[in-house]
Amino acid sequence: MSPAFRAMDVEPRAKGVLLEPFIHQVGGHSCVLRFNETTLCKPLVPREHQFYETLPAEMRRFTPQYKGVVSVCFDEDEDRNLCLIAYPLKGDHGAMDSVDNSDCEPKSKLLRWTNKKHHVLDPEKTPKDWVRQHWKEEKMKSHKLEEEFEWLKKSEVLYYSVEKKGNVSSQLKYYNPWSMKCHQQQLQRMKENAKHRNQYKFILLENLTSRYEVPCVLDLKMGTRQHGDDASEEKAANQIRKCQQSTSAVIGVRLCGMQVYQAGSGQLMFMNKYHGRKLSVQGFKEALFQFFHNGRYLRRELLGPVLKKLAELKAVLERQESYRFYSSSLLIIYDGKERPEVALDSDAEDLEDLSEESADESAGAYAFKPLSTSSVDVRMIDFAHTTCRLYGEDSVVHEGQDAGYIFGLQSLIDIVTEITEESGE
């Protein structure tokens with residue numbers, strides 16, 4: 001571990017980067033922030049940082065690219081509006097210099113957050129209005145956060161109609177409730193610790209959604225066991241109970257979060273982890289079917305590439321000795337915005353008439369471009385409880401493969417295969 005990493009001092013007069021909410025976070029409790037278009041950051045957990053630093057080469061294509069470490073502080077403007085700013089660590093400009101900051105917000109442009117109750121989301125609000133409506137720092141109170149959290153837990157599946165002819169990707173900023181909640185909690189924790197600490201280490205990671213216009217994201221909690229070896233008895237018992245009461249114990253995987261844009265119906269759908277825990281195996285399969293459905297028909301062209309990548313990941317993990325990926329998740333991502341192409345017998349006027357209405361299966365003059373394997377992404381994330389014999393300080397050393405995770409992968413392969421066969425492929 002380099003002295004630069006251990007140092008918490010911020011480089012004097014360093015240029016800061018304003019961090020924003022990451023609107024495509026659908027699961028997990030750790031806050032993920034947007035550093036720029038292609039880079040995210042999240043609070044550094046030593047074990048996860050060690051995983052990325054020692055990652056086996058053949059696993060790299062199945063994890064987000066690791067880009068370094070930054071120091072994050074919170075700052076206020078003259079009106080005491082709170083913002084989070086990332087700085088390079090003292091003597092370590094590598095992480096910031098190696099990332100393209102051309103689309104970052106400068107520190108001088110403070111993002112104002114409010115925390116007003118707003119269950120009915122107004123599509124007429126601009127993104128900044130929405131942010132201000134939810135993130136007012138001086139009104140953030142613990143009881144208010146808990147009240148909103150209770151509402152969020154009850155609203156396990158949410159549907160929102162969007163304007164199909166507008167910019168769908170920009171409308172996503174209004175809706176994702178899980179991203180909002182995680183961000184609120186992070187700000188609250190930092191505010192409560194302000195008297196003792198105002199510097200935090202965050203790791204920089206690849207933004208896996210950046211190349212998709214309207215990302216559809218599925219977050220799956222993998223494995224038959226979720227607690228780490230260092231978990232307290234109470235924590236371990238709680239995680240064991242969650243596994244036993246969900247599909248984790250039966251098939252080694254459960255739904256942790258989902259965001260889907262159904263172009264056919266013009267709706268955004270969000271499903272959170274509380275709903276995922278209640279699903280039966282059949283319910284899990286139906287949720288997976290729903291993830292690949294555009295509101296009008298099943299996106300069959302996605303299933304083959306997903307199966308290919310799941311099989312490749314399974315083969316890689318079967319070669320990993322001693323790793324245990326406790327509480328790790330698997331992301332499946334694809335673009336909800338389908339791109340039509342003009343058929344060979346179409347005339348020039350057709351080129352001017354392309355619109356989302358051509359997504360209809362009956363639009364005979366048009367067809368959709370077949371997806372390559374790279375059009376669907378499958379990645380492992382969240383390694384705060386991962387262990388391996390390479391981690392010398394661990395008291396427990398495991399042998400062989402992570403059988404629980406591999407079992408979950410095989411179950412996922414079997415279910416996607418069933419959906420493929422039942423859909424006529």
Side-chain angles (χ1 to χ4, degrees), residues 27-28 45 47-48 50-52 54-64 218-233 235-257 273 276-277 279-285 287-288 306-332 377-419:
V45 176
R47 185 172 295 274
E48 183 169 43
Q50 187 173 19
F51 170 81
Y52 281 112
T54 61
L55 181 65
E58 64 177 342
M59 287 188 63
R60 288 175 187 161
R61 67 189 181 106
F62 293 109
T63 60
L218 179 65
D219 186 325
L220 301 171
K221 188 71 73 174
M222 301 299 295
T224 54
R225 169 181 162 175
Q226 300 302 323
H227 63 281
D229 293 320
D230 58 346
S232 65
E233 288 187 13
K235 177 74 171 178
N238 186 42
Q239 294 294 342
I240 291 171
R241 176 182 54 80
K242 289 178 184 176
C243 288
Q244 291 176 339
Q245 295 177 354
S246 69
T247 55
S248 293
V250 184
I251 57 175
V253 55
R254 73 172 181 259
L255 191 146
C256 192
K273 67 179 183 180
R277 289 176 190 168
L279 295 175
S280 63
V281 174
Q282 180 60 30
F284 177 85
K285 179 180 176 180
L288 211 58
V306 167
L307 283 172
K308 182 176 185 294
K309 292 200 170 187
L310 290 175
E312 291 171 347
L313 174 58
K314 180 172 175 283
V316 167
L317 293 189
E318 286 173 342
R319 294 192 291 270
Q320 305 310 310
E321 177 69 24
S322 180
Y323 274 99
R324 294 296 181 273
F325 303 101
Y326 299 135
S327 199
S328 176
S329 284
L330 188 71
L331 291 185
I332 300 178
D377 216 348
V378 174
R379 304 285 188 108
M380 300 172 68
I381 61 167
D382 297 341
F383 303 101
H385 301 286
T386 293
T387 182
C388 175
R389 68 158 57 101
L390 298 175
Y391 306 168
E393 72 276 11
D394 286 357
S395 58
V396 180
V397 177
H398 300 271
E399 301 294 334
Q401 310 166 342
D402 187 340
Y405 196 111
I406 293 172
F407 172 61
L409 275 177
Q410 186 58 56
S411 297
L412 197 54
I413 290 171
D414 292 342
I415 292 172
V416 175
T417 299
E418 288 176 12
I419 293 174

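Residues take their numbers from the sequence shown, with the count starting at 1.
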With Arg60, which residues qualify under salt bridge (charged side-chain N to carboxylate O under 4.0 Å, His left out), at least two apart? none
Non-neighbouring partners of His227 that pass side chain to side chain contact (heavy atoms under 4.5 Å, CB included), sequence neighbours left out: Arg225, Ala231, Ala236, Gln239, Ile240
Heavy-atom side-chain proximity of Val316 to Met59 below 4.5 angstrom: yes
As a quick check of understanding, evaluate side-chain contact (heavy atoms from CB on, under 4.5 Å) for Thr63 and Leu55, giving each step before the final call. CA-CA 9 Å; Thr63 60; Leu55 181 65; 3.2 Å; yes
Partners meeting side chain to side chain donor-acceptor pair (under 3.5 Å) with Arg379 (sequence neighbours left out): Glu206, Asp377
Distance from Leu310 atom CG to Gln410 atom CD, nearest 0.5 Å? 9.5 Å
Counterpart residues, side chain to side chain contact (heavy atoms under 4.5 Å, CB included), relative to Thr386 (two or more places apart): Phe51, Tyr323, Phe325, Phe383, Tyr391
For Val378 and Phe62, work out which heavy atoms get closest and say how close. O-CD2, 3.7 Å
Within the structure provided, determine whether Leu288 and Leu218 are in side-chain contact (heavy-atom separation under 4.5 Å). yes
With sequence neighbours excluded, residues passing side chain to side chain donor-acceptor pair (under 3.5 Å) with Lys285: Glu418, Glu422
Any pair with a residue in residues 237-247 that passes salt bridge (Lys or Arg N to Asp or Glu O under 4.0 Å), sequence neighbours left out, goes on the list, sorted by first then second residue, please. none
Just grab all the salt bridge (Lys or Arg N to Asp or Glu O under 4.0 Å) pairs involving residues 400-414, residues at least two apart or on different chains. none
Across all chains, not counting sequence neighbours, the salt bridge (charged side-chain N to carboxylate O under 4.0 Å, His left out) partners of Lys235 are none
Please enumerate all residues that pass side chain to side chain donor-acceptor pair (under 3.5 Å) together with Glu58, with sequence neighbours excluded. Arg319, Gln320
Sorted by chain and number, sequence neighbours left out, salt bridge (charged side-chain N to carboxylate O under 4.0 Å, His left out) with Glu233 holds for none
Using the side chain to side chain donor-acceptor pair (under 3.5 Å) rule, take Thr247 and Arg254 through it: C-alpha gap first, then chi angles, then the decisive distance, then the call. CA-CA 5 Å; Thr247 55; Arg254 73 172 181 259; over 6 Å; no
Check against side-chain contact (heavy atoms from CB on, under 4.5 Å), His385 and Asp230: CA-CA 8 Å; His385 301 286; Asp230 58 346; 4.2 Å; yes
Residues which pass side chain to side chain donor-acceptor pair (under 3.5 Å) with Gln282, listed by chain and number, not counting sequence neighbours: Glu286
For Ser329, enumerate each residue passing the side chain to side chain contact (heavy atoms under 4.5 Å, CB included) test, keeping only those at least two apart in sequence or located in another chain. Asp219, Lys221, Ile381, Asp382
Do the non-hydrogen side-chain atoms of Leu330 and Val253 ever get within less than 4.5 Å of each other? no
Checking Ser322 side chain against Arg389 main chain: does a donor-acceptor pair fall under 3.5 Å? yes
Evaluate the side-chain contact (heavy atoms from CB on, under 4.5 Å) criterion for residues Arg324 and Val396: first the C-alpha distance (whole Å), next the side-chain angles of each, then the deciding distance (0.1 Å), finally the verdict. CA-CA 11 Å; Arg324 294 296 181 273; Val396 180; over 6 Å; no
